[in-house]
Amino acid sequence: MQKKGLSEMQKKVLSEIDLYQGYVSMPEGFEINRKEIQMSIFSSYVKNDTISNNPLDYSSLDYKVPFSRALGMLNTYLIEFFKIKYNKDLINKECFGNLYILGEQSILRRLVEPLDLRNSADYTCIYGVEVENNSCNLIIEYDDNRRKNRTWAIPIRNNYFIMFPSIQRYFITRNRTGKINTILTMTYESI
Amino acid sequence: MAHFAKISEDNIVLTVHVLNNSDMHNADGVEDETVGQAYLQQHNNWPASLWIQTSYNTRGGKYYNSDLSLGNQSKAFRGNYAVIGMTWDADKNAFIPEKPYNSWSLNETTFTWEAPVSKPEQTYTTINGIQYEDTFTWNESTTSWDKTEFEIVPIENDDLSMFNALRV
């Protein structure tokens, strides 16, 4: 039946680009041991244990992060709090670490496989393992209808996560300090 | 089997873990919640004080046997079996579901939320000789129950709601 007046006009959101961010707030005495994660990434760096052995591959500088207590705690926190707050069920898919020295920045990338979208991740999570203050930002590209290639910048901080749809392209700006920035990336499937 | 709810620091149930009874035995071989909490803290990296034992067979303040018949009510434990999103109330010693409407109040015997006006008696609508149950939904703006009579709605040619739902 046709409605009258303003109620005739309706809005439906079919899709959204949802960003989530915040500090990982654990109970006192149970904080994420970021040093443990950092050491795992350093260890893979020393052994050159990368996700891909092909130097031309996007993942050639993505270092493996073996499972550890700290990584498990971080993963559990994100999955459980997402369920409570946003009613989203997440499953961890991939995990890798990156190291950025002075002046180094990441390549522009997205963590979905265009030829295998069915098995690709839904969300990408960037977590600051050991990052100097104000040293780098995460830049996420997005489209707003015909306004293409817009960007959204979020500073990367220690113990701070940023989650966004894996279909978005992103990069991490150059490291402006003399210290090495250690950044963890995890991908999630939403079921 | 024992069940423990993992709660956040603001007392929201995050998940529920199952524990072997033997993992919560104290030195005398008696089940002890604090032993279970210590075990879970060690193996799940979450403070012992944020693991609260819950009863799988307790719902609405009553204890049910596995065949869903009413059981020994002395075994009723902490109001409700903890479910993700429920709130743990240490003062009331119970897990409490989310409040569905502002006007509803907590029954502190059953630990369930109750409407200020009780739900009307069940009514039925008969269509082509078949009896269907009418549904009642709470209307918070009028603080009363709205009756929705059962009706069979023909799908119109331009109604795409079913098609759009299937695309999800």
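Quick note on labels: first sequence line is chain A, next is B, and so on, each numbered from 1.
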Revision key, fill the gap. Of Val65(A), Leu61(A), Asp62(A), the one forming a side-chain contact (heavy atoms from CB on, under 4.5 Å) with Ile51(A) is Asp62(A)

Practice item. Show the numbers, then the answer: is there a salt bridge (charged side-chain N to carboxylate O under 4.0 Å, His left out) between Arg78(B) and Glu33(B)? Key: CA-CA 13 Å; Arg78(B) 292 178 172 162; Glu33(B) 183 176 4; 3.0 Å; yes

Revision key, fill the gap. Looking only at Arg69(A), Glu28(A), Met26(A), most heavy-atom pairs under 4.5 Å shared with chain B are made by Arg69(A)

Check your understanding: Rounded to the nearest 0.5 Å, how far does NE2 of His25(B) lie from CG of Asn20(B)?
Key ->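 NE2 of His25(B) is found 9.5 Å from CG of Asn20(B).
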
Point to revise | Heavy-atom pairs under 4.5 Å with chain A, option from Thr15(B), Asn45(B), Ile84(B) with the top count | key: Asn45(B)

Review point. Checking Leu14(B) against chain A: side chain, backbone, both or neither under 4.5 Å from a heavy atom?
Key: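 Contact with chain A: backbone and side chain both.
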
Check your understanding: Without hydrogens or angle criteria, can the side chains of Asp134(B) and Thr125(B) be said to hold a donor-acceptor pair below 3.5 Å?
Key ->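 Distance-only check passes for Asp134(B) and Thr125(B).
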
